[in-house]
Amino acid sequence: MGELVQGDITEQRADVIVNTANSALLSGGGVNGAIHRRGGPAILAACRELRASRYVKGLPVGEAVATTAGNLPARWVIHTVGPVYSQTEDRSDLLVSCYLRSLMLAEDLGAKSLAFPAISTGLFGWPVADSARLVSRLLSSARVNLDVRLVLFSASDLRLYEEALRATDHRVTDAEIVRVLAAVPANRWRALFEAADRITSADLEGIGSEAVENMFRHLFRAPLVVRCDYSDAFREGRRPESLTVAEAVRLITYIWREDYWNGGGTGVLEGRIRDGSLPAALGTLRRWVERSQPGAAHEGPSQKSTL
Ligand code: APR
């Protein structure tokens, strides 16, 4: 779980500082204005380049992109565009996506620490208490390998975040799991399914196999090993092909915790491969990804997957 501080985001020493950008990637007020002012012209120059190349139409809401941090005490600025708050439409998925995409991008960059402002809670009008609830839930459910700092500008915002953190129980719902999955970019899915496709039956003899380890690394990065409970359904003879996508993630988490995390040898991984439930869980994920992100789960042309 993240660390909470009151302060100015531009003064944070972290590998990554997150900016509450606009789609045009131009300077603005609030966090965005402060970052460009303190960071100097190199950041805006990098943003202009992105607009001329990858984001001709602008950075979509809920996505994230990295640039230099210029003169800031950080290595990178990750720009993300939060949703404008709406009373009539639930845009929570987009707000959560800003946080998740930023975290995943920071991991890809090799960052070890990251500082977030309270995205969308300024000009974009998101109520701070609700953002605090969403962010607390997210950080207690998705597993990330980064030190995360949440930087609140005012003492009253900090209090709202502290309250939300205290109130968060750690029972992750199916809807929250799906929300995490929806923010996983295509390159991570592709890497995961390619890793699963490379596993042969010989690899399954023991879990020390490099191929199996590689697949688990990608499951972990997806991040499909979420901090969730697994439901009782898996302990009794549940038909593995009838798993929902959230159950598939719970099952993978269960295998990770019970066996892989403990260094193997418990037989859980082998048992779940033999009874068909791990292959079924991966199949469920593949179908879900194929439906929600066509092309991302593409299988290699000639590879016959064991899992
Ligand atoms: N450090 C930390 N937090 C700050 C800072 C700062 N220097 N300045 C403002 N904040 C806080 C605000 O109090 C608010 O709670 O950050 C939160 C986010 O506010 P905004 O920066 O206004 O971000 P957002 O609501 O996402 O609006 C983004 O505003 O500046 C424009 O170009 C930007 O169009 C974009 C929009």
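Values reported hereafter were calculated over all heavy atoms of this structure, with side chains retained and with hydrogens, waters and symmetry mates removed. One-based numbering, in listed order, for ligands and for the atoms of each. We number each residue from 1, following the sequence as shown.
- The closest approach between Ser120 and ligand 1 falls below 4.0 Å for a heavy atom of the residue.
- For atom 25 (O) of ligand 1, the closest non-hydrogen atom of the protein is Gly122 N, 2.8 Å.
- Taking only nitrogen or oxygen atoms, main chain and side chain alike, Gly33 does not reach within less than 3.5 Å of ligand 1.
- Using the six-membered ring where Trp is involved, Tyr85 and Trp126 have ring planes that are perpendicular, over 60° apart on the 30 and 60° scheme.
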Before giving the answer on side chain to side chain donor-acceptor pair (under 3.5 Å), spell out for Thr80 and Tyr99 the whole-Å C-alpha distance, their side-chain angles and the decisive distance to 0.1 Å.
CA-CA 8 Å; Thr80 187; Tyr99 284 90; over 6 Å; no

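- Shortest contact from atom 22 (O) of ligand 1 to any protein heavy atom: Leu123 N, 3.0 Å.
- Contact annotation: Thr10 has no heavy atom less than 4.0 Å from any atom of ligand 1.
- Using a distance-only test at 3.5 Å, with no hydrogens or angles considered, no donor-acceptor pair links the side chain of Gln293 to the main chain of Pro185.
- Scanning all protein heavy atoms for the shortest distance to atom 27 (O) of ligand 1 gives Phe124 CG, 3.5 Å.
- Shortest contact from atom 14 (C) of ligand 1 to any protein heavy atom: Thr121 OG1, 3.2 Å.
- We find the CG-CD distance between Asp157 and Glu162 to be 11.0 Å, quoted to the nearest 0.5 Å.
- Each of Ile9, Val81, Ile35 was scored for a side-chain contact (heavy atoms from CB on, under 4.5 Å) with Asn19, with one residue passing: Ile35.
- Atom 34 (O) of ligand 1 has its nearest heavy-atom neighbour, among Leu95, Asp8, Asp157, Asn22, in Asn22.
- Note that the CD atom of Gln12 and the CG atom of Leu72 stand 11.0 Å from one another [nearest 0.5 Å].
- Taken to the nearest 0.5 Å, the CZ atom of Arg37 stands 10.0 Å off from the CG atom of Asn32.
- In this structure, Ala118 counts as a contact residue of ligand 1, since one of its heavy atoms falls inside 4.0 Å of the ligand.
- The protein heavy-atom contact nearest to atom 2 (C) of ligand 1 is Ile9 N, 3.4 Å.
- Atom CD of Glu49 has 12 or fewer neighbouring heavy atoms from other residues, nucleotides or ligands inside a 6.0 Å radius.
- In terms of protein heavy-atom proximity, atom 6 (C) of ligand 1 is nearest to Phe153 CE1, 3.3 Å.
- Arg101 places no side-chain N or O within 3.5 Å of a backbone atom of Val96 that could act as its donor or acceptor partner.
- Ranking protein heavy atoms by distance to atom 23 (O) of ligand 1, first place goes to Thr20 OG1, 3.2 Å.
- Close approach to Gly29 involves these atoms of ligand 1, each under 4.0 Å from a residue heavy atom: 30 (O), 31 (C).
- Compare Val31, Val128, Ile35, Leu152 by their heavy atoms: the one nearest to atom 4 (C) of ligand 1 is in Val31.
- Distances shorter than 4.0 angstrom occur between a heavy atom of Gly7 and an atom of ligand 1.
- With rounding to the nearest 0.5 Å, the separation of CG in Leu4 from CZ in Arg159 is 13.0 Å.
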